[in-house]
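What follows is one structure encoded as structure tokens, with my remarks underneath.
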There are 2 protein chains.
Amino acid sequence: MKLTRRRFGRMMAALPIFVSMPRQATSEDKSKPGGLTDVAGVRVGHFTETRRPTGCTVIVVEKGAVAGVDVRGSAPGTRETDLLNPINTVQQVHAVVLAGGSAFGLDSASGVVQFLEEKGIGFDARVARVPIVPAAVLFDLGIGDPHIRPGREAGYQACLNATDGAIPEGNVGAGAGATVGKLLGPQRAMKGGLGTASIRSRKLVVAALVAVNAVGDVIDPQTGEILAGLREADGKTLANSIKQLREISSFSRSELLQSTTIGVIATNAAFDKAAMTKMAQMAHDGLARTINPVHLPTDGDTIFALSTGEISGEDLGRVGALAAAVMSEAVVRAIRKASGIPGYPSHSDLKKS
Amino acid sequence: MKLTRRRFGRMMAALPIFVSMPRQATSEDKSKPGGLTDVAGVRVGHFTETRRPTGCTVIVVEKGAVAGVDVRGSAPGTRETDLLNPINTVQQVHAVVLAGGSAFGLDSASGVVQFLEEKGIGFDARVARVPIVPAAVLFDLGIGDPHIRPGREAGYQACLNATDGAIPEGNVGAGAGATVGKLLGPQRAMKGGLGTASIRSRKLVVAALVAVNAVGDVIDPQTGEILAGLREADGKTLANSIKQLREISSFSRSELLQSTTIGVIATNAAFDKAAMTKMAQMAHDGLARTINPVHLPTDGDTIFALSTGEISGEDLGRVGALAAAVMSEAVVRAIRKASGIPGYPSHSDLKKS
């Protein structure tokens, strides 16, 4: 079922479930247990496109954060990730952007650079302050008009929306057009979304934010239960992607390219770039525990890790293990907070039916 | 509880559960559902040391296999892994060795090279046939006399023991000295081991073999149940390492170095080196789903992936997802097949008590 632009618009208009604005849709989340902004100095803003489900999410750290990245999908779309290699010189980033729109969505980072330059924030290169803004994108061009993508203005607007308070979750920002369970194509898929979570342990804070847009099923690792993913032909019950994979002889590879889960870890613990690279790597285990299959040749799964350096003396192994744990929690929240859109029911829709 | 050599010997003598020889201990496994040798052309042999729990396991592919590797722990001990980089020239390996004994255990690969040279197997360098034998080791020097390690003779003997039939599991080969659940030191740890599993789907075979020696708990991903790992102070019930990590402020780092899970994926599907590197990477998700925490700064977690190239046209994403699934199964089997040794009860011991 390939939706034309017109048909999609009609379906959207008929469905109040989708056209509710993100801030209204998530006002109930004010009481939510933590999120990325629990790390002092981290602000998060969404831009959510109203013409079709796509958008971007910016994580702003105006004072700078030591950063690492691990690209574990094999169809990534990224910007400024080479700079994060521990052998390279620049130590800190000022923002990270997660965006829909596939490679086109990388433009949103330009709007964030513009915003930061206007505020005089950036790496001091004497003749200019150069904002360092790594970015990663996900593929959501199959949801509505593929010519609508988050660009420079979307990135700038996301900065204006940035808050150090509660973060809207579900169909917002980079998660607006996210879907899951695409092993047998869009007809059997479900709605993904954006989630955030945090863990506090004495003075340590480790938090995650993720836009879940996966080929695979999403699983609660505490119980092994599939929360969302590939549906049976009846459209109402969940199949099991790994079971299917044991039987079918090949995926629909073109559909699989509509994937990629992208996220950010933030912590107030002080670490260097190599350590933050390790933390990003360990955080991918949080995706492995909640998404199956994941890290496919057709995914661009990427995680950034940010350290604000507020507290010292923490053990990297411990914080990395907590980063994986909180990433799992953020993935589960993304699915629980998602709302259905035409053709893509959410976890809560299936529970109701 | 640091065991002296003499004290360990006395305890071993008193415990028939340990002194039973691997072949006897695992004769019941003949009926087991599959293993790495289900891939035609792959033979597996163990050498299990009788003086203390350590040993090595060799995977022999005399006709050669296209291979990849992913080193995801940050304290690895390896050999011939640079050769596996897809940009490097040699395309095939003839054996892979997994060994106990930490860096000393890398010597066992020399015995495998010797065995293969005597059989005239190796990369044709005109003046000689050079056997290509990548290897990875795990740390088990804390179990009994650390001066006893699998060396050249152990590797050679493992080749003589190699079979294309059922593979002994549990306290054998590279898994003989493997332990798990070391977050709070050896007093609360349990026995790990070696496991193998396979998945068949029409003509495709994807199989795994793994020696599980982890800081973390081992979990059944179908249910979320912890099978083995950190014990409570009573020694009889399982704690939860991630719960502990939220509360304690640091690990006992010196104990954590006694870790590392190492394994091999084998498939009859034809892929090139880059694809097999991706498959090794995806197989690590099988560790993430069954071991928590894993991939720590103090682990050397490494997975090799071997392709015998028997069947063509398989999808890399599908086979990679099955590689992760079968690796999870092998980890669970390693724990279920393990037997307790002095100070380190097994999963089955805890179930009995």
Side-chain angles (χ1 to χ4, degrees), chain A residues 70 72 74 183 199-204 206 215-216 219-225 241-251 253 256 274-275 277-279 281-282 284-299 313-325 328, chain B residues 70 72 74 183 199-204 206 215-216 219-225 241-251 253 256 274-275 277-279 281-282 284-299 313-325 328:
Chain A
D70 188 28
R72 200 150 179 79
S74 292
L183 194 69
I199 292 174
R200 282 177 188 275
S201 176
R202 295 181 205 168
K203 289 182 179 176
L204 174 69
V206 191
V215 170
I219 292 143
D220 181 344
Q222 303 294 324
T223 60
E225 185 199 357
S241 291
I242 294 299
K243 252 185 208 163
Q244 293 288 328
L245 277 173
R246 285 175 182 245
E247 286 153 30
I248 64 175
S249 63
S250 73
F251 309 76
R253 280 183 65 97
L256 293 192
T277 305
K278 179 67 185 173
M279 199 179 302
Q281 186 201 50
M282 289 182 72
H284 271 285
D285 287 345
L287 301 188
R289 293 181 184 122
T290 50
I291 305 174
N292 195 0
V294 70
H295 302 136
L296 290 160
T298 47
D299 289 327
E314 293 293 328
D315 182 89
L316 175 60
R318 180 184 177 225
V319 180
L322 295 179
S328 283
Chain B
D70 187 28
R72 201 149 176 81
S74 294
L183 194 69
I199 292 174
R200 282 177 190 277
S201 175
R202 297 182 204 170
K203 290 181 179 175
L204 174 69
V206 191
V215 169
I219 293 144
D220 181 343
Q222 303 294 325
T223 61
E225 184 199 358
S241 290
I242 295 298
K243 251 186 209 164
Q244 292 288 327
L245 277 173
R246 287 176 181 243
E247 287 154 28
I248 63 175
S249 62
S250 73
F251 308 76
R253 281 184 64 98
L256 294 191
T277 305
K278 180 66 186 173
M279 198 179 303
Q281 186 202 48
M282 290 183 71
H284 271 286
D285 287 345
L287 301 189
R289 291 179 185 123
T290 50
I291 305 174
N292 196 0
V294 71
H295 301 136
L296 290 160
T298 47
D299 289 327
E314 293 292 329
D315 181 88
L316 175 59
R318 179 184 178 226
V319 182
L322 294 179
S328 283

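Numbered from 1 within each chain, the chains take letters A, B, ... in sequence-line order. As the structure is a computational prediction, the values presented were derived from the model and not from experiment.
To the nearest 0.5 Å, atom CG of residue A:Asp315 and atom OG1 of residue B:Thr298 are 7.5 Å apart. With values rounded to the nearest 0.5 angstrom, A:Arg200 atom CZ is found 13.0 Å from B:Arg246 atom CZ. Atom-to-atom distance recorded for A:Thr290:OG1 and B:Arg289:CZ is 8.5 Å, nearest 0.5 angstrom.
The candidate with the highest count of non-hydrogen atom pairs below 4.5 Å against chain A, out of B:Ile219, B:Val206, B:Ile242, B:Ile199, is B:Ile199. When each of B:Met282, B:Gln222, B:Gln281 is scored by its heavy-atom pairs under 4.5 Å with chain A, the top score falls to B:Gln281. Top candidate by heavy-atom pairs under 4.5 Å with chain A, chosen from B:Lys278, B:His284, B:Arg72, is B:Arg72.
No side-chain heavy atom of B:Arg318 sits under 4.5 Å from any side-chain heavy atom of A:Pro293.
Neither the backbone nor the side chain of B:Ala324 comes within contact range of chain A, judged by heavy atoms closer than 4.5 Å. When heavy atoms are compared at a cutoff of 4.5 Å, A:Val294 approaches chain B by way of both its backbone and its side chain. For a residue to count as touching a neighbouring chain, one of its non-hydrogen atoms must lie under 4.5 Å from one of that chain's; by this rule B:Asn292 touches chain A with backbone and side chain alike.
Taking all atoms of both residues into account, the shortest heavy-atom contact from B:Leu296 to A:Gly317 is CD2-O, 3.5 Å.
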